[in-house]
Amino acid sequence: MLSITHLSKTYPGGVRALDGVTLDIGTGIFGLLGPNGAGKSTLMRTIAALQEPDQGSILWDGTDIVRYPHLVRQVLGYLPQDFGVYPKISAERLLDHMAVLKGLRDKKERRRQVDELLERTNLAWCRRQAVAQFSGGMRQRFGIAQALLGDPRLIIVDEPTAGLDPEERNRFHNLLGEIGENITIVLSTHIVEDVRRLCGKAAVMAGGKVLLEGRPDHLVEQL
Ligand code: ADP
Ligand code: ADP
């Protein structure tokens with residue numbers, strides 16, 4: 001359970017990217033809708049403890065992420081809008097390397113997770129290819145594989161389907177649907193249809209504020 005209370009953030013220069021955001025997020029896929037500049041990425045990075053808010057708290061199972069970011073990084077996977085891509089390293093080596101960065105020291109255990117995640121994201125067939133040569137859909141699936149290293153109970157997915165064709169989007173959605181059966185996923189997007197299809201609950205943001213919150217069908221009627 002993720003409980004966000006009165007979260008605010010003003011960037012140097014005066015943009016109020018978050019303005020008193022309060023949200024309760026349970027298991028399953030939570031959708032965060034809003035136009036460009038609404039504050040979605042700022043909120044996502046703040047939940048991922050990659051950035052500090054000026055005010056407010058984010059409780060994950062009772063622990064304040066804002067005060068104890070290192071505790072949260074252990075339960076969290078983050079798929080940023082565009083994650084860095086290394087030109088020459090194969091997918092399996094890159095994933096193994098990312099597992100090391102996540103603190104997975106045991107080589108056998110890393111191997112087990114890398115194998116399992118490449119299978120789960122349907123990338124086992126191209127594990128020896130460089131991620132830089134992957135299609136957009138394959139890259140996003142690789143992003144999910146790296147986010148799932150270490151068995152997190154919460155994953156943050158920021159605008160994942162921008163630039164994907166309909167078939168790639170479909171596959172990506174099916175994968176998220178499978179994952180979201182067991183853990184919490186916070187998904188940001190500006191595509192209303194994605195939220196309607198995938199999310200059990202959603203919120204609409206604009207100008208750093210939550211305008212609406214509830215079941216997707218209900219929200220869409222009010223947009
Ligand atoms: P969204 O993801 O909904 O597009 P963002 O969180 O990226 O929204 O941005 C919210 C507002 O904060 C925008 O006006 C954006 O220009 C501004 N902003 C985002 N990041 C920074 C930054 N690092 N420094 C200054 N302003 C920023
Ligand atoms: P995307 O999600 O980006 O559409 P795909 O998994 O469809 O990614 O793969 C992109 C390319 O790789 C396509 O041309 C597809 O035909 C090919 N491809 C997909 N699966 C396999 C496979 N198991 N073996 C060989 N090529 C494959």
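Given the structure is predicted, the values throughout are model-derived calculations rather than measurements. Atoms within each ligand, like the ligands themselves, are counted from 1 in listed order.
Shown here are the salt bridge (charged side-chain N to carboxylate O under 4.0 Å, His left out) partners of E159, two or more places apart in sequence or in another chain: K40. Residues satisfying the salt bridge (charged side-chain N to carboxylate O under 4.0 Å, His left out) test with D151, not counting sequence neighbours, are none. In this structure, R105 has no salt bridge (charged side-chain N to carboxylate O under 4.0 Å, His left out) partners at least two apart in sequence or on a different chain.
The closest side-chain donor-acceptor pair between R16 and T10 falls under 3.5 angstrom. Counted by atom type alone, D54 and S8 present zero donor-acceptor pairs between their side chains at under 3.5 Å. Side-chain atoms of R169 and N174 form no donor-acceptor pair, as typed in the model, at a separation below 3.5 Å.
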N/O to N/O under 3.5 Å, ligand 1 against protein:
residue: ligand 1; atom: 2 (O); partner: S41; partner atom: N; Å: 2.8
residue: ligand 1; atom: 2 (O); partner: S41; partner atom: OG; Å: 3.0
residue: ligand 1; atom: 3 (O); partner: A38; partner atom: N; Å: 3.1
residue: ligand 1; atom: 3 (O); partner: G39; partner atom: N; Å: 3.0
residue: ligand 1; atom: 3 (O); partner: K40; partner atom: N; Å: 2.9
residue: ligand 1; atom: 3 (O); partner: K40; partner atom: NZ; Å: 2.9
residue: ligand 1; atom: 4 (O); partner: G37; partner atom: N; Å: 2.7
residue: ligand 1; atom: 6 (O); partner: T42; partner atom: N; Å: 2.9
residue: ligand 1; atom: 6 (O); partner: T42; partner atom: OG1; Å: 2.5
residue: ligand 1; atom: 8 (O); partner: G39; partner atom: N; Å: 3.0

